[in-house]
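For reference, the structure discussed in these notes is given below.
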Amino acid sequence: MKGIFPIEKLERIQTPFYYYDTELLRATLRAINAEIQKHEEFVVHYAIKANANPRVLRIIREAGLGADCVSGGEIEAALKAGFPAKKIVYAGVGKSDWEINLGLDNDIFAFNVESIPELEVINELAAKKGKVARIALRINPNVGAHTHANITTGLAENKFGIAMRDMEDVIERASAMQNVRFVGLHFHIGSQILDMGDFEALCNRVNELQTQLENHRIRVENINVGGGLGVDYQHPNRVPIPDFKAYFDTYAKKLKLRPGQTLHFELGRAVVAQCGSLIARTLYIKEGACKKFCIVDAGMTDLIRPALYQAYHKIENISSDEPKEAYDVVGPICESSDVFAKQIDLNCSHRGDLIAIRSAGAYGEIMASQYNCRKLPQGYASDEI
């Protein structure tokens, strides 16, 4: 065994595959619960879009978290994993009728509504079932985040949410409808945020909006600030668990909750990223004109983040203790963008060595594709192999 990896067990599994360290996942969940237990008004929903592996979902449900879903399929996955419907929130700019009906049939906690047309459709579908849907309005706070442009969601130019200027009008429309009940406001400014100042900015904006609403005698039961807390991709061994204390303390100190209000969070990446690794096998070491290539059997079909976001993942040769050499680590896909990293130092690598691409528990297995007619990677939990 090298480091956290049970090499002998992993050697027996067909690569590429995802390996989930369930001990670390549980430790992460304990860290979250230790913080939110200090604040009885805090509720955490796990953002299923980060990772929907059934074993991972069951462990998160056992820890008592709710579920944040962005599709009907995710609602189904949450229910199958045992998440109570009363702890499920459902967001997304393009909810189809069958997805809305699924939420209504299961009496989920709330729909996070992102437009007036969506609000009207939910009211119409709920009326047909003789139900009243609980809705939170997703407001676009026009707050930027220090993260990649593709994963910011809180700017006016983004497709998400209702503009602040329309907030009161939409609340009035919802209040006049017979089959929806306005229960809260929802916000989300982006992902992989490490600067607490971004969350402070959101708190300030929410405080302003609450005061604005109170001036019009509008009371809000629930505030949902989304998620967005990032992880340390550079040092997964040194910092395996994000700084949840700083994150939750920011909201506890800066967000002015009113008496009786509940504050909801939707954490995804911060829960699962560090517990997951993509395990690949070295196929060839290719000597180029000016560099060495470590060609592995995993590719952008298995982990698309480096190709899509130019994302960094720490890469380790977990089979070798030999001196380090510089390699481009690349996959087998017929695309020049099928590169995991360029000119990184790995222990001297040989055909058959196992390569671990770290911090891949979020947006890894769930975003895999079958491009080039490749098989989807399987996921294995450490306590099951």
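Keep in mind it's a predicted model, so treat the numbers as computed, not measured.
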>> On a heavy-atom basis, which atom in Ala47 and which in Asp68 lie closest, and how many Å separate them?
In response: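 Heavy atoms of Ala47 and Asp68 come nearest at CB-OD2, 3.4 Å.
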
> What is the minimum heavy-atom distance between Val132 and Val180, and which atoms define it?
Replying inline: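 Shortest heavy-atom contact: CG1-C, 3.8 Å.
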
>> Whether Arg138 engages the ring of Phe187 as a cation-pi pair (distance to the six-membered ring centre under 6.0 angstrom, angle to the ring normal within 45°) should be assessed.
In response: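 Ring-cation test returns no.
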
> Looking at Tyr90, does the NZ or CZ of Lys95 lie under 6.0 angstrom from its six-membered ring centre and within 45 degrees of the ring axis?
Replying inline: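 Yes, a cation-pi geometry holds between Lys95 and Tyr90.
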
Hey, what do you get for [atom1] ([X]) to [atom2] ([Y]), rounding to the nearest 0.5 Å?
X      : Y      : atom1 : atom2 : value
Arg305 : Ile357 : CZ    : CD1   : 12.0 Å
Ile279 : Ile318 : CD1   : CD1   : 4.5 Å
Arg181 : Glu221 : CZ    : CD    : 4.5 Å
Ile171 : Asp166 : CD1   : CG    : 11.0 Å
Glu118 : Asn112 : CD    : CG    : 9.0 Å
Lys131 : Asn179 : NZ    : CG    : 11.5 Å

Quick test of your reading of the model: are [X] and [Y] salt-bridged, counting only N-O distances below 4.0 Å?
X      : Y      : answer
Glu23  : Arg26  : no
Lys128 : Glu124 : yes
Arg358 : Glu316 : yes
Lys129 : Asp105 : yes
Glu384 : Lys9   : no

>> Can you confirm if the aromatic rings of Tyr247 and Phe265 lie within a centre distance of less than 6.0 Å?
In response: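 Yes, close enough.
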
>> For Phe83 together with Tyr46, are the ring centres under 6.0 Å from each other?
In response: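 Ring-ring flag for Tyr46/Phe83: false, centres at least 6.0 Å apart.
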
>> Does Lys245, at its NZ atom, have more than 12 non-hydrogen atoms belonging to other residues, nucleotides or ligands within less than 6.0 Å?
In response: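 No, the 6.0 Å shell around NZ holds no more than 12 heavy atoms from other groups.
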
>> Quick one, Leu104 with Phe111, criterion side-chain contact (heavy atoms from CB on, under 4.5 Å). Give me CA distance, side-chain angles, the key distance, then yes/no.
In response: CA-CA 9 Å; Leu104 291 169; Phe111 294 84; 3.9 Å; yes

> Between Tyr233 and His313, how do the two ring planes meet: parallel, tilted or perpendicular, split at 30° and 60°?
Replying inline: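 Aromatic pair Tyr233/His313 classed perpendicular.
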
> Taking it one step at a time, do Thr250 and Glu200 satisfy side-chain contact (heavy atoms from CB on, under 4.5 Å)?
Replying inline: CA-CA 7 Å; Thr250 297; Glu200 287 188 22; 3.7 Å; yes

>> Which residue in the set Val329, Thr282, Asp328, Val330 passes side-chain contact (heavy atoms from CB on, under 4.5 Å) when paired with Ile295?
In response: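 Among the candidates, only Val330 passes.
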
> Can you find a side-chain donor-acceptor pair between Tyr327 and Glu325 that sits under 3.5 Å?
Replying inline: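 A pair is found: one side chain offers a donor N or O, the other an acceptor, under 3.5 Å apart.
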
>> Once ring pair (Phe, Tyr, Trp, His ring centres under 6.0 Å) is applied, do any residues pair with His264, and if so which ones, sequence neighbours excluded?
In response: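 Result, ring pair (Phe, Tyr, Trp, His ring centres under 6.0 Å) vs His264: His45, Phe109.
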
